[in-house]
Amino acid sequence: MPEPIESHVDLADLQQEERLARMRHSAAHVLAEAMVELMPEAELGIGPPTATGFYYDFRLPRPLTQEDLTWLRRRMRKSIGRRLPFQMEAITRGEAEGRWSDQPFKLDLLADLEDGAITQCTHGQFTDLCRGGHVNHTGEIPAFKLMSIAGAYWRGDEANPQLQRVYGALFETAEELEAYERQLEEARKRDHRRVGRELGLFTFSDVVGQGIPLFLPKGETVRHLMESYVREMQERTGHQHVWTGNVVKGQLYERSGHREHYADAMFPPMVDGDTEFLLKPMNCPSHMMLFNAEPHSYRDLPLRYAEFATLYRYEKSGELSGLTRVRALTQDDGHIFCTPDQIQDEFALALSLVQEALETYGFSDYRIALSLPDTGTGGKFVDAPELWEEAVNALRSAMETSGLEFNEEVGEAAFYGPKADFIAKDVLGREWQLSTIQVDFIQPGRLGCVYTGEDGKEHTPILLHRAVTGATERFMGVLIEHFGGAFPLWLAPVQATVIPIADRHQPYADEVAATLREAGFRVEVDARSERMNAKIRHAQMQKVPYMLVAGDREAEAGTVAVRVRTGEDLGAIPLADFIARIEGERETKALAP
């Protein structure tokens, strides 16, 4: 017989994070209970808490509908109203296999559990395989809402059956839930896939292939500006820009260790006789071959290579998402070869570039995660304990010297070294991992990188991997949502639209546009046969920073009537004064007009 486990907990004594996790986990159980009542043939997957609620995965006899979500929510509220206790029990493997003999996904989970560590949770007539973490009874489940239905592969593997996932949101108060729904609505308005389409920035084509973004002229303008900004920062800090192509022999990645640890993210090889070539998924091995192309002494170090390289990663089709998860990406990659005593200074330099970029783009709220290895995870990390210890100590010391606060996350390091990840919040409070700095004591030795030291002997350099904004595509997607498509003037693909009031004002409008272009600004003239207010509205919808209305008075006085995309009317301004104004905005990279 199952052995009861004492599980009463005083929720008021718990930290909010744990309290919410228990509430959300409990709600997932109540959802599964309701689903089994709706469809007794349901096969149950898993139902964990999430950062904003919960979900549960099911294999069902038919697709779910919005009407089903309404029914499930009502049924869940009924269970919550009954205040059913959650009862945890220990159970033997034999009892568990008998209990879930008709539930293949539960049996799959059981295979991973050790004897003596199998537990189940019951509320009312519903029992689920579970390791615990619940409220005391269903009545302690607060404000929730079933949000959406999505597909999900069992255990995240495309080779496994596809299940239906029901997502729910849950917060401690109805006000918090309503605030979350408002945030979701704002996020939908800012969705970079929608905004990018409306602003004519990028597109995708099934004929070209999944995960391969195609940039329209305005989108390419934004890309160019973003990359030019990082290139300028790198050039003034002593980085040398290089180019290493798109295809690499497979044997290079065998030597570096990427073939062993990164194979799932690589496209299948292209075979030429006895030689295998791979689409390049990362730059570091190629940059080390550049380093090896010439002899180096300690006087040459630090040596800073930078490259805007298009890389190719075989992301799973179900995980592709607009620009934020693609298969072709352009990375602002940097690799710094240095001596051990230069690590602190080079880390500080890389840190300054990252901080400057984040502040320029308006990401003032960010945290730093120090990602460390987990030696208990088998072959995930290169087996070199002494080198790992050196690398971790070097990066931790550099972080402490920087004076910035950071948290350590075990198991999140790259396979060859620890890293500092910069995780920024956008205007909606969502977190994005944007920049990274990694310390590598392993790959340079594997690939034969050496320099002649002051002692006349050969030494292996330390390698810092560094990306200021990471992938251009992903960062652009984040920026579109962060700004809602209303880019700062310096980054806007069209900085001003000149609007002639009538056909007779067209020559003056063209003259204004020509003067602005000579000053280096990106300008359009809206010569359509539309009313002036319609043209202003169109420019606002296209997120153009400034609209310059040209009529009789403006033509006579050499002025422009200036409207800001926010709706503010600045009145008539001499053209020279307007140019001076926006030159200041452009040079300072101001975030708003």
Side-chain angles (χ1 to χ4, degrees), residues 186 188-192 194-203 216-222 225 427 479-593:
E186 182 62 26
R188 278 190 283 270
K189 293 178 183 177
R190 292 170 175 261
D191 188 316
H192 75 278
R194 171 177 169 269
V195 175
R197 181 175 61 253
E198 292 174 349
L199 300 186
L201 299 176
F202 65 90
T203 187
L216 296 159
K218 289 180 180 179
E220 170 53 26
T221 297
V222 178
L225 292 164
V427 292
L479 286 183
I480 291 171
E481 299 194 6
H482 182 59
F483 293 122
F487 295 111
L489 178 96
W490 73 273
L491 197 58
V494 177
Q495 295 168 309
T497 296
V498 186
I499 300 173
I501 295 178
D503 289 346
R504 67 179 182 275
H505 305 125
Q506 182 74 39
Y508 179 63
D510 291 338
E511 181 183 327
V512 168
T515 302
L516 286 166
R517 291 187 186 112
E518 287 176 8
F521 291 98
R522 299 178 292 279
V523 187
E524 291 182 347
V525 177
D526 190 344
R528 296 175 303 152
S529 57
E530 298 281 349
R531 296 176 61 85
M532 180 188 72
N533 287 339
K535 293 180 180 181
I536 290 173
R537 178 60 180 158
H538 175 74
Q540 287 176 323
M541 292 180 66
Q542 287 296 298
K543 315 293 185 182
V544 178
Y546 290 101
M547 288 126 271
L548 311 179
V549 179
D552 290 334
R553 284 180 295 181
E554 288 77 22
E556 291 173 6
T559 63
V560 285
V562 180
R563 304 284 186 94
V564 185
R565 64 184 165 205
T566 57
E568 184 181 2
D569 186 348
L570 302 182
I573 299 176
L575 182 56
D577 291 351
F578 175 71
I579 290 175
R581 172 193 174 109
I582 60 177
E583 281 179 337
E585 283 186 41
R586 180 177 62 186
E587 295 308 311
T588 60
K589 292 183 169 59
L591 289 171

**Q.** Pair Leu548-Glu554, side chain to side chain contact (heavy atoms under 4.5 Å, CB included): steps then yes or no
**A.** CA-CA 10 Å; Leu548 311 179; Glu554 288 77 22; over 6 Å; no
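- In this structure, Asp569 CG and Met547 CE are separated by 10.5 Å, a value rounded to the nearest 0.5 Å.
- Side-chain contact check for Glu481 versus Asp191: some heavy-atom pair is nearer than 4.5 Å.
- Arg188 CZ: more than 12 foreign heavy atoms inside a 6.0 Å radius.
- Taking 4.5 Å as the limit, every side-chain heavy atom of Arg563 sits out of range of all side-chain heavy atoms of Leu570.
- Between His482 and Arg190 the shortest heavy-atom distance is O-NH1, 2.9 Å.
- Here Asp526 contributes atom CG and Gln506 contributes atom CD; the two are 9.0 Å apart, rounded to the nearest 0.5 Å.
- We find the NZ-CD distance between Lys189 and Glu186 to be 5.5 Å, quoted to the nearest 0.5 Å.
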Q: Mind running side chain to side chain contact (heavy atoms under 4.5 Å, CB included) on Gln542 and Leu199 for me, showing each step along the way?
A: CA-CA 6 Å; Gln542 287 296 298; Leu199 300 186; 4.1 Å; yes
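- Between Asp552 and Arg504, the closest heavy-atom pair is OD2-NH2, 2.9 Å.
- Separating the CD1 atom in Ile582 from the CH2 atom in Trp490 is a distance of 16.0 Å, to the nearest 0.5 Å.
- For the pair Leu201 and Phe487, the minimum side-chain heavy-atom distance is below 4.5 Å.
- Taking both residues in full, the closest heavy atoms of Pro493 and Val222 are given as CD-CG2, 3.9 Å, listed atom of the first, atom of the second, then distance.
- Formation of a donor-acceptor pair under 3.5 Å by the Glu583 side chain with backbone atoms of Phe578 is not found in this model.
- In this structure a side-chain-to-backbone donor-acceptor pair under 3.5 Å is present from Lys535 to Arg528.
- Between the side chain of Arg522 and the main chain of Ala492, a donor-acceptor pair closer than 3.5 Å is present.
- Annotation for Phe202 and Gly196: closest pair CE2-CA, 3.6 Å, computed over non-hydrogen atoms.
- In this structure, Phe483 and Pro488 have side chains that are in contact, with non-hydrogen atoms separated by less than 4.5 Å.
- In plain terms, the two heavy atoms of Val494 and Lys218 that are nearest each other are CG2-CE, 3.9 Å.
- When all heavy atoms of Leu216 and Gly200 are compared, the closest pair comes out as CB-O, 3.4 Å.
- With Glu518 contributing its side chain and Thr515 its backbone, the two residues share no donor-acceptor pair below 3.5 Å.
- For CZ of Arg537, the number of neighbouring non-hydrogen atoms (other residues, nucleotides, ligands) closer than 6.0 Å is 12 at most.
- For the pair Glu511 and Leu575, the minimum side-chain heavy-atom distance is 4.5 Å or more.
- Not a single donor-acceptor pair under 3.5 Å links the side chain of Arg586 to the backbone N or O of Leu489.
- A distance of 11.0 Å separates CD in Glu524 from CD1 in Ile499, rounded to the nearest 0.5 Å.
- Judged by distance alone, the side chain of Arg565 and the main-chain N or O of Lys543 form a donor-acceptor pair under 3.5 Å.
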